[in-house]
Asks: 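Got a structure for you, written out below as structure tokens; questions coming shortly.
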There are 2 protein chains.
Amino acid sequence: MSRDAIEVLKGTLDMLVLKILEDEPQHGYGITRRLQLLTDDALQVDEGSMYPALYRLHKRGLVEAEWFLTDGNRRAKIYSLTPAGRTQLCKEAAYWHRFSEAVGKVISPVPDAAP
Amino acid sequence: MSRDAIEVLKGTLDMLVLKILEDEPQHGYGITRRLQLLTDDALQVDEGSMYPALYRLHKRGLVEAEWFLTDGNRRAKIYSLTPAGRTQLCKEAAYWHRFSEAVGKVISPVPDAAP
DNA sequence: TCCTATGCTTAGACGTTCTAGGCATACTAG
DNA sequence: CTAGTATGCCTAGAACGTCTAAGCATAGGA
């Protein structure tokens, strides 16, 4: 399974992470699995992308981090959204909509919807 | 006008260019304006992105290039799609659909369509 | 003559993702 | 007891594509 995973377009991971954290605080590993789950294995983000992304977001004040213990008694750094992060999520989602809409106009020319 | 242009997500320009060329052969400057036109100024690709993209595509054998004279008597390098380019366009469009669909699943959770 | 639109080129900065390695612990099977 | 698997984190570097910013050249209009 999952051999048909696709790469994440550069610039979209931050938005995806923020969105996952909007649902509920998560640790890096959890975010990765959540993305996989939500997209039926289409999105499988590498750890080498996920953790640097979380650092970026943390440095920008968009997420907070705190160490906790999971059910399995393992330590995990739980990230949660800050107010600034919530704002940024809105911006990035809006950007995504604008961009994907623009791409849509190019690759699937509007066929003059039937009246 | 046009101050609300957005950046092109890295990895999508090739697809956009191939798509424009599928309609009809164009030169770099023309492709840029065509993208702008089709997307109501949302997509304004810089020359510094467009020409390197065309070189990439040419090196990969996805487009052909030939010098012509335009209406205005100016020289212009006209690019056209090769069969390989057409195939690649299909691949990239399919990738885009898969990716944007996956993103959609994350950022706009399905609200359990009403029965 | 100057300015704008057209049209191409290219070096370098920049940011993001991936590759690929490392580390540590909990639990299970043998 | 020991090996393997799943969990969980870290990071250096390569790879890649887009943008910034400069330069060049010509046509046509003011």
Side-chain angles (χ1 to χ4, degrees), chain A residues 2 5-18 25-37 43-60 62-63 65-79 92 95-96 99 102-103, chain B residues 1-2 5-18 25-37 43-60 62-63 65-79 88 92 95-96 99 102-103:
Chain A
S2 80
I6 57 183
E7 283 198 4
V8 172
L9 278 179
K10 294 174 204 256
T12 55
L13 182 54
D14 287 11
M15 173 182 68
L16 296 172
V17 169
L18 291 175
Q26 280 276 0
H27 54 275
Y29 193 82
I31 297 172
T32 301
R33 280 188 317 177
R34 189 109 185 87
L35 279 175
Q36 227 174 304
L37 192 75
L43 254 44
Q44 293 182 48
V45 182
D46 284 276
E47 304 183 351
S49 307
M50 178 57 71
Y51 292 113
L54 287 168
Y55 297 155
R56 279 200 303 275
L57 295 172
H58 187 249
K59 194 163 60 178
R60 293 169 61 195
L62 304 179
V63 301
E66 203 173 352
W67 287 99
F68 277 105
L69 284 182
T70 65
D71 300 339
N73 238 30
R74 295 190 207 81
R75 82 199 211 297
K77 199 187 277 185
I78 305 292
Y79 291 90
E92 303 216 8
Y95 168 80
W96 167 259
F99 181 74
V103 169
Chain B
M1 71 179 84
S2 80
I6 57 184
E7 282 199 5
V8 173
L9 278 178
K10 296 174 201 252
T12 56
L13 182 54
D14 286 11
M15 173 183 66
L16 295 173
V17 169
L18 292 174
Q26 281 276 359
H27 55 277
Y29 193 80
I31 297 172
T32 301
R33 280 188 318 177
R34 188 109 183 86
L35 280 175
Q36 228 174 305
L37 192 75
L43 255 44
Q44 294 183 45
V45 182
D46 284 276
E47 304 182 349
S49 307
M50 177 58 70
Y51 293 111
L54 287 169
Y55 299 155
R56 278 200 305 274
L57 295 171
H58 187 249
K59 194 163 62 177
R60 294 169 62 195
L62 305 178
V63 300
E66 200 172 353
W67 287 100
F68 278 104
L69 284 183
T70 65
D71 299 339
N73 239 30
R74 294 190 207 80
R75 82 199 212 294
K77 199 187 275 181
I78 306 291
Y79 291 91
Q88 182 64 18
E92 302 215 10
Y95 168 79
W96 167 259
F99 181 74
V103 169

Asks: Less than 4.5 Å apart, side chain to side chain, heavy atoms only: is that true for A/Val17 and A/Gln26?
Replies: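 They are not in side-chain contact.
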Asks: Rounded to whole Å, how long is the line connecting atom CD of B/Gln44 with atom C1' of D/dT20?
Replies: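 Going from CD in B/Gln44 over to C1' in D/dT20 covers 16 Å.
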Asks: For B/His58 and C/dT10, give me the distance from atom NE2 to atom P, rounded to whole Å.
Replies: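 So the NE2-P distance, B/His58 to C/dT10, works out to 13 Å.
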Asks: OP1 or OP2 of C/dA5 versus the side-chain N and O atoms of B/Arg74: is any pair under 4.0 Å?
Replies: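 For C/dA5, neither OP1 nor OP2 has a side-chain N or O of B/Arg74 closer than 4.0 Å.
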Asks: Output the rounded distance in Å from OH (B/Tyr79) to C1' (C/dT9).
Replies: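 Computing the B/Tyr79:OH to C/dT9:C1' distance gives 10 Å.
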Asks: Please state how far atom CD1 in A/Ile31 lies from atom P in C/dT17, giving the value in whole angstrom units.
Replies: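 To the nearest whole Å, that distance equals 13 Å.
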Asks: Taking the side chain as C-beta and beyond, is there a heavy-atom pair between B/Val63 and B/Leu18 under 4.5 Å?
Replies: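 Touching, per the 4.5 Å side-chain cut-off.
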Asks: Would you call the rings of B/Trp96 and B/Phe99 parallel, tilted or perpendicular, where under 30° means parallel and over 60° means perpendicular?
Replies: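 If you compare the ring of B/Trp96 with that of B/Phe99, the planes turn out tilted.
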Asks: Name the closest nucleotide to the A/Val8 side chain, picking from D/dT7, C/dC18, D/dT18.
Replies: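 Looking only at heavy atoms from C-beta outward on A/Val8, the closest nucleotide is C/dC18.
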Asks: Could you check whether B/Thr32 gets within reach of a base, just the sugar-phosphate, or nothing at all, counting any heavy atom under 4.0 Å?
Replies: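 If one applies the 4.0 Å heavy-atom cut-off, B/Thr32 turns out to touch nothing in the nucleic acid.
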Asks: To the nearest Å, give me how far apart CZ (B/Arg75) and P (D/dC24) are.
Replies: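 Those two atoms, CZ and P, are 14 Å apart.
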Asks: For a 4.5 angstrom cut-off between non-hydrogen side-chain atoms, does B/Leu43 reach B/Gln36?
Replies: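 A side-chain contact under 4.5 Å is absent here.
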Asks: Determine whether B/Gln88 and B/Asp14 make a side-chain contact, defined as any pair of heavy atoms from C-beta on separated by less than 4.5 Å.
Replies: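 Answer no - side chains too far apart.
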Asks: If you pin A/Asp71 and A/Thr12 to their nearest nucleotides in DNA chain C, which one's is more 5'?
Replies: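 It is A/Thr12 whose nearest nucleotide is closer to the 5' end.
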Asks: Using a cut-off of strictly less than 4.0 Å, decide whether A/Thr70 has a side-chain nitrogen or oxygen near OP1 or OP2 of D/dG8.
Replies: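 For D/dG8, OP1 or OP2 has a side-chain N or O of A/Thr70 closer than 4.0 Å.
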Asks: Could you work out which one of C/dC18, D/dG8, C/dG7 sits closest to the side chain of A/Arg33?
Replies: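 Nearest nucleotide to the side chain: D/dG8.
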Asks: Do the side chains of A/Glu7 and B/Tyr95 get nearer than 4.5 Å, heavy atoms only?
Replies: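 Side chain of B/Tyr95 against side chain of A/Glu7, heavy atoms only: contact under 4.5 Å found.
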Asks: Which nucleotide sits closest to the side chain of B/Tyr29: C/dT6, D/dA6, C/dT17?
Replies: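 Of the options given, the side chain of B/Tyr29 lies nearest C/dT6.
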Asks: To the nearest Å, give me how far apart CZ (B/Phe68) and C1' (C/dC8) are.
Replies: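 It works out to 17 Å between those atoms.
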Asks: Of the candidate nucleotides D/dT18, C/dT9, D/dA15, which contains the atom at the shortest distance from the side chain of B/Asp14?
Replies: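 Nearest to the side chain of B/Asp14 among the choices is D/dT18.
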Asks: Using atom CZ of A/Arg34 as one end and atom C1' of D/dT7 as the other, report the distance to the nearest whole Å.
Replies: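 After rounding, the gap between these two atoms is 18 Å.
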Asks: Looking at D/dC10, I'd like to know if its phosphate oxygens (OP1 or OP2) sit under 4.0 Å from a side-chain N or O belonging to A/Lys77.
Replies: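 Indeed, a polar side-chain atom of A/Lys77 lies that close.
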Asks: With heavy-atom distances below 4.5 Å as the criterion, would you say the side chains of B/Leu54 and B/Lys77 are in contact?
Replies: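 No, every pair of side-chain atoms sits at 4.5 Å or beyond.
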Asks: In whole Å, I'd like the distance from the CG atom of A/Leu69 to the P atom of D/dG8.
Replies: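 Nearest whole value for this atom pair: 11 Å.
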Asks: Which parts of residues 46-56 of chain B get close to DNA chain C, meaning a heavy atom less than 4.0 angstrom away?
Replies: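 Under 4.0 Å from DNA chain C: B/Glu47, B/Gly48, B/Tyr51, B/Pro52, B/Tyr55.
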